[in-house]
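Worksheet: the structure to be examined is printed underneath.
Protein chains get the first letters and strands the later ones, always in sequence-line order, with residue 1 at the start of each. Computed from a predicted structure; not experimentally measured. All values below come from the heavy atoms of this structure, side chains included, with hydrogens, waters and symmetry mates left out.
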There are 2 protein chains.
Amino acid sequence: MFKELDPILHSQLRLAVISLLISVKEADFTFLKEKTGATAGNLSVQLQKLKEAGYIEIEKSFKDNFPLTTCKISKDGIAAFEAYVKNLKQYISIKKEN
Amino acid sequence: MFKELDPILHSQLRLAVISLLISVKEADFTFLKEKTGATAGNLSVQLQKLKEAGYIEIEKSFKDNFPLTTCKISKDGIAAFEAYVKNLKQYISIKKEN
DNA sequence: TAGAGTAGTTTATAATATAAACTAGTTTTA
DNA sequence: TAAAACTAGTTTATATTATAAACTACTCTA
């Protein structure tokens, strides 16, 4: 009856990050930190997890002498997000059949 | 930007339970166990958490000599579920206005 | 009356989330 | 120019959560 909710996405911070990356396509660490309100440490860890899952790509460079971490969503990430949303809908709008 | 997702509800099993109780109003332990596919131990723990949060009421009785645990959603539970769904929508359908 | 089954609960452990502490630099400012 | 403050992160320790395994306490059946 209830489909599994991808544990990688069923996390408030990771879901917020993916949600942002879906809409902006590319974002740097500080932007994500501000928009999500997360601490840097937590964000760092969750970005790594999203990367390990293959849901985002992370590029490290420098801008004005400071380190710059840029994140982009991947095809797998988009697919996973769409599947997650689809499954989640089962939980938040019940169909009464059976 | 992103509203907090009630941690009591942001759990696959607890969300499934609440989701069921919203639609059926009353359900026993075995019904919830079958519909969610959870193990009895996990379900027992999560029902206690929902009860402690005041989201459900649990009544224990006997039916045909066997223990019967009946769960019902509370007003607070309904309100929490509605708030959760409302907040969640921010995450799964992005509005581009800042 | 022993074995299997029902309906759970408790407890131990694995997984997750999070903040605090740390690294490695850069930019003031005194 | 040296110390203090700031940027942009990472690592690590801890608290929280989720979960399954083990257990309790019966009942039914052969």
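- Using a 4.0 Å heavy-atom criterion, one finds that Lys33(A) contacts no nucleic acid atom at all.
- Residue-level contact check: Leu68(B) touches the backbone only, with heavy atoms under 4.0 Å from sugar-phosphate atoms and none from bases.
- Among the nucleotides dG8(C), dA8(D), dG9(D), the one closest to any side-chain atom of Phe66(A) is dA8(D).
- Side-chain N/O atoms of Asn65(B) include one lying less than 4.0 angstrom from OP1 or OP2 on dC28(D).
- When each of Leu15(B), Asn87(B), Leu5(B) is tested with His10(B) by the rule side chain to side chain contact (heavy atoms under 4.5 Å, CB included), just one qualifies, namely Leu5(B).
- Contact check for Asp6(A) versus Tyr55(A): side-chain heavy atoms found under the 4.5 Å cut-off.
- Partner of Leu50(B) under the side chain to side chain contact (heavy atoms under 4.5 Å, CB included) criterion, out of Ile73(B), Val17(B), Leu21(B), Ile58(B): Val17(B) alone.
- The end-to-end axis angle of the helix from dT1(C)-dA30(D) to dA30(C)-dT1(D), rounded to 10 degrees and based on five pairs per end, is 20°.
- Side-chain contact between Leu32(B) and Leu47(B) is present, with heavy atoms from C-beta onward closer than 4.5 Å.
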Between the protein and nucleotides 12-18 of chain C, list the N/O to N/O atom pairs that are separated by less than 3.5 angstrom.
| from | atom 1 | to | atom 2 | distance (Å) |
| --- | --- | --- | --- | --- |
| dA17(C) | OP1 | Ser11(A) | OG | 3.4 |
| dA17(C) | OP1 | Arg14(A) | NH2 | 3.3 |
| dA17(C) | OP2 | Arg14(A) | NH1 | 2.4 |
| dA17(C) | OP2 | Arg14(A) | NH2 | 2.9 |

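- Relative ring orientation between Phe2(A) and Tyr91(A) is described as tilted, the plane-to-plane angle lying within the 30° to 60° band.
- Using a 4.0 Å heavy-atom cutoff across all strands shown, Ser44(B) reaches at least one base atom of the nucleic acid.
- The shortest heavy-atom contact between Asp28(A) and Phe31(A) is OD1-N, 2.9 Å.
- Between dT9(C), dT27(C), dT10(D), one nucleotide has an atom nearer to the side chain of Gln48(B) than all others, and that is dT9(C).
- Of the two residues contacting DNA chain C, namely Asp64(A) and Ala40(A), the nearest-nucleotide position lying further toward the 5' end is that of Ala40(A).
- Of the options Glu59(B), Glu57(B), Glu26(B), a salt bridge (Lys or Arg N to Asp or Glu O under 4.0 Å) to Lys72(B) is made by Glu26(B) and by none of the others.
- A straight line from CG of Leu47(B) to C1' of dT19(D) spans 14 Å, rounded to a whole angstrom.
- Within the 4.0 angstrom heavy-atom criterion, no nucleotide atom of any strand lies near Lys63(A).
- Side-chain contact between Ile18(A) and Ile56(A): present, with at least one pair of heavy atoms (C-beta onward) separated by less than 4.5 Å.
- With hydrogens and angles disregarded, a donor-acceptor distance shorter than 3.5 Å links the side chain of Ser74(B) to the backbone of Gly54(B).
- Between the CZ atom of Phe62(A) and the C1' atom of dG9(D) there is a distance of 10 Å, rounded to whole Å.
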